[in-house]
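Some notes on the structure that comes next.
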Amino acid sequence: MNLEELNKEQKEAVLKTEGPLLILAGAGSGKTKVLTTKIAYLIEECGIDPYNILAITFTNKAAKEMQNRVYNMVGEKAKKAQISTFHSFGVSILRSNYRYLGYSSNIVILDSDDSLTVVKRTLRELGFDNKVYNANKIRNIISDSKNNDVSPEEFAKKAYDDESVVASKVYAEYERKLKINNTVDFDDLLILPIKLFKEHKEVLKMYEDRFQYVLIDEYQDTNEAQYTLTKMLTKNNRNICCVGDIDQSIYSFRGANYRNILNFEKDYKEATVIKLEQNYRSTTTILDAANDVIKNNKERKDKVLWSNNGIGEKISYYRAQNGSDEARYVTKEINKLVDQGVEYRDIAVLYRTNAMSRILEEGFINDKVPYHIVGGIGFYNRKEIKDIIAYLKLIYNEKDDISLLRVINTPKRGIGNRSIEKLIEKSNEENKSIYDVISGGKEQGFKDLIEILKDKQNKMTLTDLVEEILIMTGIRKEYEDEKTLESENRLENLEEFKSITRTFEDREGLVSLEDFLTELSLVTDVDESNDGDDNKVNLLTVHSVKGLEFDYVFIIGLEEGIFPHMNSFGIDSELEEERRLCYVAITRARKKLFISNAIFRIMFGQEQSSEPSRYIKEINPELIDIVNPEINKHNSKVQEKINAESKYNDEDVDLQAGDNVYHDVFGQGKVISVSNDIAKIAFKHPYGVKSLIKNHKSISKI
DNA sequence: GGTTAGAGTATCTTC
DNA sequence: TACTCTAACC
């Protein structure tokens, strides 16, 4: 096997096949190449059966790509290796072992929206006002508890205030509901395998025997459960290879803990650590800028990326008048690039929040720039698509209450709130799913309909089944009768959905409802980003661009309040995460980076102004070429004026921890801490602790 | 039981 | 702004 294309460290990482290995791989240092080569090396040179290899990637797309690359190196047998995300891996374990865990075969996976719906419903059923108790927050509490192995009972014991008492009750009921419905949430996909392994050592033994070699990518973004799962599988074999980069840890909001990397050497005492610091992706200008930004983080291992790719062009910085001006700038620059022979597909525009894609879209449509939005509120979030999926889920698992409640009266069948409430009551009393307690009434008609469709399920292809649902439920007729622009659109979307099922069938051969639904729940829009088939500009969030690279990258909205996001103000750990996010964004670019922001931007329907992001100031000015210095100067005067006029007090307000204050919106509060210009203040329920600009006029000492 | 207007709230990121 | 939820009316 030819390892000549690898540098010294990369080669070392490939050759070290036995025992624990940690690869600290900087952005663009060729880690995917190392991982795939390593898998191929294990198979070809060490004679390892691919069946004994487990490789975990961050997205399904990355998994597919890795599988393909290994396929190109070793051929057909690559397919025997298990290459997937943690969540897909969890699903496969569940599907083979559901009996041990007390589930039946047709498990439906809930997405985060579904979980939230269950929480809301549970709050209501338990008689709590969901204006007082924030369902989202409670869902997060439940998720955290599950991930940290805290049971509802344990949580109830530790409950310390009104909210956590309510949360503990909702948590218990939430778990009961999921189980009765034979449904699992995203957390369960990781937690249930752990539970299984703890309770059934023989099953764990089987997986240990199978997965002699375990490789994990993006280790900095593993959460507690993923960490535990990894440790359980590799405790005895010890052939574990983790790849990660602390500077690219950007998923802490989801429970990821980059300290898993820092602790690797403690967990595996005999570990070898290899650093990959040569970057093969970007120009030194881009790398220097990235290094300038990230070196301001305190919590990190020292590392400096370098490259041989030459200095390249300076970074272009444009400070726009407002959002649409910024969009115009982006399209103008894109058109210039395209005139120079650049392909649209080699360009990406990155933003902090999905909401920012809209204004870009307008600009792109105006200037006729072809684009592709990755992720965001996409196709699968449309009502008609959610409805058809709910029908499919219900046909697959009639106990799935969430899907049932979604479609029992869609289209209208005259089953109103009263009847539904009665059904829910009955199902709670009898500890059964809603479907199982239906007997008689209009509901019976609905049940009969589902029974007929269930019967058809095995007798036709997926696409035909979808068509059958559209006809038999009356969904199609409803939209056809409506004859509005909107209903036309919905019909088109439903046709589009059928072409998705058809594509799926063509790709996989004849497929089961189970496979299709699993893919739907786990494969996200991010996995759909265009692979160069379409020559379009990619629009995506900084989070979803992780692992990708483009010749030309635009980072827009580099403003205080957006990037870094205002919710992170005053919280050091979160500001550092925002900075890592910025680092990830910068290091996506190969040839040239464009950064921009806007003085005025419409948010929440109101025009607001903001200053340039602190991260821009951290970059050595010599690396930056300011596109519009005059406007910039003028604008900074405007900016000063805005600042002077309104929101802030002229003099510094002396706020200290312990001070009582009054806020125009949140009322009375107590200062918890003050750092720099940010005061953390605890307000009364339901506001809680807020981080606010200390000198804001809305705050006064009392 | 269905419809609709008004209120309220969120936009932070995702498997 | 735009979406979702609720209450009141039909």
Side-chain angles (χ1 to χ4, degrees), chain A residues 56-63 84-91 109-117 120-121 123-124 129-131 134-137 140 143 147 184-190 218 221-223 225-226 249-256 323 350-359 374-378 380-383 409-421 441-442 518-527 540-546 557 561-569 574 577-578 580-582 584-585 601-608 665 686:
Chain A
I56 301 285
T57 59
F58 198 67
T59 62
N60 290 287
K61 191 185 178 205
S84 60
T85 63
F86 266 113
H87 288 86
S88 317
F89 179 51
V91 172
I109 302 163
L110 307 184
D111 63 27
S112 0
D113 273 357
D114 297 331
S115 306
L116 187 63
T117 309
K120 280 183 188 161
R121 204 183 114 207
L123 271 172
R124 203 167 28 230
D129 186 351
N130 52 11
K131 274 182 199 137
N134 182 317
N136 235 319
K137 206 167 162 198
N140 290 338
S143 174
N147 274 306
V184 296
D185 62 18
F186 277 136
D187 296 323
D188 288 328
L189 296 180
L190 306 168
E218 309 280 9
D221 279 325
T222 48
N223 67 19
Q226 292 164 339
S249 164
I250 54 174
Y251 280 94
S252 73
F253 68 90
R254 187 170 102 180
L350 313 182
Y351 35 79
R352 176 67 237 271
T353 68
N354 279 306
M356 297 178 74
S357 65
R358 172 161 298 174
I359 190 139
V374 181
I377 348 130
Y380 294 103
N381 266 319
R382 293 167 206 267
K383 178 194 181 308
N409 201 30
T410 314
K412 302 266 177 297
R413 301 190 172 83
I415 304 173
N417 285 340
R418 278 276 284 286
S419 333
I420 292 173
E421 263 167 43
K442 286 176 184 158
T518 305
E519 167 132 342
L520 272 193
S521 332
L522 294 181
V523 172
T524 59
D525 299 339
V526 176
D527 296 315
L540 62 174
T541 64
V542 183
H543 280 90
S544 25
V545 81
K546 170 152 136 160
I562 292 184
F563 201 171
H565 196 272
M566 57 192 296
N567 291 2
S568 63
F569 283 176
E574 293 199 11
E577 174 134 331
E578 295 283 316
R580 290 193 292 270
L581 206 45
C582 184
V584 168
R601 192 180 288 283
I602 294 172
M603 286 164 84
F604 299 103
Q606 274 188 329
E607 192 163 67
Q608 309 205 343
V665 179

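- The distance from atom OH of Tyr351(A) to atom C1' of dT11(B) is 13 Å, rounded to the nearest whole Å.
- At most 12 heavy atoms of other shown residues, nucleotides or ligands fall within 6.0 angstrom of atom CD in Gln606(A).
- Rounded to an integer number of Å, the gap from Asp188(A) CG to dC15(B) C1' is 13 Å.
- Applying the 5.5 angstrom centroid cut-off and the 30 degree plane-angle cut-off, the aromatic ring of Phe253(A) is stacked upon the base of dT13(B).
- For dC15(B), the base has a donor-acceptor partner in the side chain of Ser112(A) [N/O atoms by modelled type, under 3.5 angstrom].
- Rounding to whole angstrom units, NE2 of residue His87(A) and C1' of dC15(B) are separated by 4 Å.
- You'll find the side chain of Leu190(A) reaches within 4.5 Å of the side chain of His87(A), heavy atoms only.
- The side chain of Thr353(A) approaches dC12(B) more closely than any other nucleotide in the set dC12(B), dG1(B), dG2(B).
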Reading nucleotides 1-10 of chain C from the 5' end, what letters show protein touch, with B for base, S for backbone sugar-phosphate only, - for no heavy atom under 4.0 Å?
BS--SS----

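- Out of dA10(B), dG1(B), dC12(B), the shortest distance to the side chain of Ser419(A) is found at dG1(B).
- Nucleotides dT13(B) and dT4(C) place their P atoms 15 Å apart, quoted to the nearest Å.
- If you run side-chain contact (heavy atoms from CB on, under 4.5 Å) between Val542(A) and each of Ile250(A), Thr353(A), Leu350(A), only Leu350(A) comes through.
- In this structure, His543(A) does not pack face-to-face on the six-membered ring of dT13(B), missing the 5.5 Å centre cutoff or the 30° plane limit.
- For the pair Leu350(A) CG and dC12(B) P, the interatomic distance rounds to 19 Å; values are reported in whole Å.
- Counting any heavy atom pair closer than 4.0 Å across all strands shown, Phe86(A) reaches no nucleic acid atom.
- One interatomic measurement links the two molecules: CZ of Arg601(A) to P of dT11(B), which rounds to 18 Å at whole-angstrom precision.
- With dT11(B), dT14(B), dA10(B) as the choices, the nucleotide that has an atom nearest any side-chain atom of Tyr251(A) turns out to be dT14(B).
- Residues forming a ring-ring contact (aromatic ring centres under 6.0 Å, His included) with Tyr251(A) (at least two apart in sequence, or on another chain): Phe58(A), Phe253(A), His543(A).
- Considering only residues two or more places apart in sequence or on other chains, His565(A) meets the ring-ring contact (aromatic ring centres under 6.0 Å, His included) condition with none of them.
- With values rounded to the nearest 0.5 angstrom, Asp187(A) atom CG is found 8.0 Å from Asn223(A) atom CG.
- The residue among Thr541(A) and Asn409(A) whose nearest nucleotide of DNA chain B is located toward the 5' end is Asn409(A).
- For Asn417(A), the CG atom is loosely surrounded, since the number of other residues' heavy atoms within 6.0 Å does not exceed 12.
- Taking atom CG of Asn567(A) as the reference point, atom P of dT13(B) lies 11 Å away to the nearest angstrom.
- In terms of position along DNA chain B, the nucleotide closest to Lys442(A) lies nearer the 5' end than the nucleotide closest to the other residue of the pair Lys442(A) and Ala355(A).
- Closest to the side chain of Ser544(A), out of dT11(B), dG1(B), dT14(B), is dT14(B).
- With respect to Arg418(A) and Glu421(A), no salt bridge is recorded, no charged nitrogen being found less than 4.0 Å from a carboxylate O.
- Rounded to whole Å, atom C1' of dC15(B) lies 4 Å from atom CZ of Arg254(A).
- Atom-to-atom, CG of Asn354(A) to C1' of dT14(B) comes out at 10 Å; the value is rounded to the nearest Å.
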